[in-house]
Amino acid sequence: VALLESTSTKDLPIGIFDSGVGGLTVAKAILKRMPSEHLLYFGDTAHMPYGDRSADHILEYSRRIADFLYQKGIKLLVIACNSASAVSFLALQQEYKGIIDVVGVIRPVVSYVVKHNINKLGIIGTKATIAAGTHEKLIKAVKPEQEICTVATPLLAPMIEEGFFNNMISQSVIDNYLSCEELCDIDALVLACTHYPLIKQEINLFYKNKVDLIDPSEIVADYVFDVLHQRDLLATDKKQDDLFFVSEHTDNFEQTTQLFYGKKVNIQEVNIWNQTDNL
Ligand code: DGL
């Protein structure tokens, strides 16, 4: 019975959520690292951008989405959003303790940063992520001498969510943010928003490849692998296609998933909020 139970848990999908397309960068890295896994992805497009929302609202959205995915049957939950990880990780970890593991995108990146010798570290993210200061607090707790500068870049995620990347408009917005004084002379830059790997090329162009870009997606994928491996929960073969849920259909969500998967994927619009909610 124990063997049967553990076999069926292995076959459950990994639940993953973001405010929109940003979490796809993490989803893609997870599938590259673990091609046998299947994913249930939730993009909360109706509430995007999370980065401009209050911590209370982000926590409430995160709880609803976690519950929705959990009810569908998942073996692990990935909060593929820095804003939601900054605000909701500890609460969700506590609420699902002993039930499923919850992985955020900040702690794995912090473990990576403290293991590397970086003179001056830049961090860019949404207003919610930068205001929470989670990266900085966790890094300084281990390495108090680490020089860090953080800058909120609130236009970037909505810009990407609207499909503006790899064009002249996005390049000039990016150049404008990155030329600020705080970020001069940095050696490495944490892309502390899961949308930003989509503009990695443009960021590299600005820095002429001279600044190391720390992209959370692969670091988080390695972390997820370690957790599943330790729990003996790695899937052995992919039995089902990945499924996508959005709180509001958007053309860009459809186009970006197609870009990532190279084919049309199964996207369902769902309403997981009560009519009486004032969110
Ligand atoms: N991709 C998200 C993050 O990592 C959120 C972007 C947003 O909705 O503001 O913070």
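This chain uses plain numbering: 1 for the first residue, then up along the sequence. Whatever order the structure lists ligands and atoms in, that order sets their numbers, starting from 1.
Interface atoms of ligand 1 facing S19, defined by a heavy-atom separation under 4.0 Å, are 5 (C), 6 (C), 7 (C), 8 (O). Ligand 1 places these atoms under 4.0 Å from at least one heavy atom of S83: 3 (C), 5 (C), 10 (O). Against a heavy-atom cut-off of under 4.0 Å, H195 is close to the following atoms of ligand 1: 1 (N), 2 (C), 6 (C). Listed by number with element, the atoms of ligand 1 under 4.0 Å from a non-hydrogen atom of A157 are 6 (C). Taking every non-hydrogen atom of T126 and a distance limit under 4.0 Å, the qualifying atoms of ligand 1 come out as 6 (C), 9 (O), 10 (O). Residue G51 approaches ligand 1 through these ligand atoms, each under 4.0 Å from one of its heavy atoms: 7 (C), 8 (O), 9 (O). Every atom of ligand 1 with a heavy atom of P49 under 4.0 Å away is listed here by number and element: 7 (C), 8 (O), 9 (O). Below 4.0 Å from some heavy atom of M48 lie the following atoms of ligand 1, by number and element: 8 (O).
At distances below 3.5 Å, not a single donor-acceptor pair connects side-chain atoms of D215 with backbone N or O atoms of P197.
Classification of D11 and K239 as a salt-bridged pair holds, one side-chain N sitting under 4.0 Å from a carboxylate O. A salt bridge does not link E60 with R53: none of the charged nitrogens is closer than 4.0 Å to a carboxylate oxygen. E254 has a carboxylate O that lies under 4.0 Å from a charged side-chain N of K264, or vice versa, which qualifies the two as a salt bridge.
For T194, a nitrogen or oxygen atom sits less than 3.5 Å from a nitrogen or oxygen atom of ligand 1, counting backbone and side chain alike.
When L228, L233, I100 are each tested for a side chain to side chain contact (heavy atoms under 4.5 Å, CB included) with L76, only one passes: L228.
Taking the six-membered ring wherever Trp is involved, the centroid distance between the rings of F245 and F68 falls below 6.0 Å.
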- Message: Quick one, Y61 with S247, criterion side chain to side chain donor-acceptor pair (under 3.5 Å). Give me CA distance, side-chain angles, the key distance, then yes/no.
- Response: CA-CA 11 Å; Y61 304 148; S247 45; over 6 Å; no
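At the shortest separation from atom 7 (C) of ligand 1 among protein heavy atoms lies Y50 N, 3.3 Å. The closest protein non-hydrogen atom to atom 4 (O) of ligand 1 is N82 N, 2.7 Å.
Under the 30°/60° scheme for interplanar angles, the aromatic rings of F253 and Y41 are found to be tilted.
Annotation for N117: atom CG does not count as buried by contact number, only 12 or fewer foreign heavy atoms lying within 6.0 Å.
Residue-ligand proximity: C81 is placed with a non-hydrogen atom under 4.0 Å from ligand 1.
Here V105 has no heavy atoms under 4.0 Å from ligand 1, in either its backbone or its side chain.
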